[in-house]
Amino acid sequence: MRKRTLAALTMSVGLLTGLTTATATAHAAASATCSGWRTTDTWEYEARTVSGKTSPLRSGPYGVCTPVATLPAGARIGIDCYMTNPDYLTVWYHASYSVAGRGVVGWIYEGNVTDVPYVFPCG
């Protein structure tokens, strides 16, 4: 009887943990708005992606937003402005990059960028 009770309790805790994780993940994805962010196109500062790793340029300032390009290590990018993600308080830069002669614009996480001078806030 004890083994059955312990097994049932363990299964209940596992299900509850799984539901909590799934709910948190769904909430994060639902709250991530990947478009419509205000930017500033008045200045463009040059920076570089972190050397030694590729970096995604995303459609919005969230890690769950779709990558619009994968930038090579040490790539030169133009940065217009920055914003702080309201849900996670992480800093993202609005950036542009030229891929095969075509300009791509998106958002890059601050941990993937080096040599960033002072940049104005977006909006």
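Just so it is clear, the values below take in all heavy atoms, side chains as well, and ignore hydrogens, waters and symmetry mates.
- Every pair passing side-chain hydrogen bond (donor to acceptor under 3.5 Å, both in side chains) that includes a residue from residues 103-112 is listed here, sequence neighbours excluded: K53-N112.
- For T90, the side-chain hydrogen bond (donor to acceptor under 3.5 Å, both in side chains) test picks out W92, with sequence neighbours left out.
- Residues passing the side-chain contact (heavy atoms from CB on, under 4.5 Å) test with P117 are Y45, sequence neighbours excluded.
- A distance of 13.0 Å separates OG1 in T39 from CD1 in I79, rounded to the nearest 0.5 Å.
- Among residue pairs with one or both ends in residues 93-108, none qualify as salt bridge (charged side-chain N to carboxylate O under 4.0 Å, His left out); sequence neighbours excluded.
- Residues P121 and Y82 form a side-chain contact, since some pair of their non-hydrogen atoms from C-beta on lies under 4.5 Å apart.
- The salt bridge (charged side-chain N to carboxylate O under 4.0 Å, His left out) contacts involving residues 69-78 comprise E46-R76, where partners must be two or more places apart or lie in separate chains.
- For the atom pair I108 CD1 and Y97 OH, the distance stands at 10.5 Å (nearest 0.5 Å).
- Legend: side-chain hydrogen bond (donor to acceptor under 3.5 Å, both in side chains) pairs involving residues 114-123, not counting sequence neighbours: none detected.
- With T49 contributing its side chain and A75 its backbone, the two residues share a donor-acceptor pair below 3.5 Å.
- Smallest separation of non-hydrogen atoms from T70 and T54: CG2-CB, 3.8 Å.
- A heavy-atom distance below 4.5 Å is found between the side chains of P61 and W37.
- R58 contributes no side-chain N or O that, together with a main-chain N or O of V64, makes up a donor-acceptor pair within less than 3.5 Å.
- I77 pairs in a side chain to side chain contact (heavy atoms under 4.5 Å, CB included) with only one of the listed residues (V104, L57, L71, V116), which is L71.
- Applying the side-chain contact (heavy atoms from CB on, under 4.5 Å) test to S96 and every residue at least two apart in sequence or in another chain returns E44, V105.
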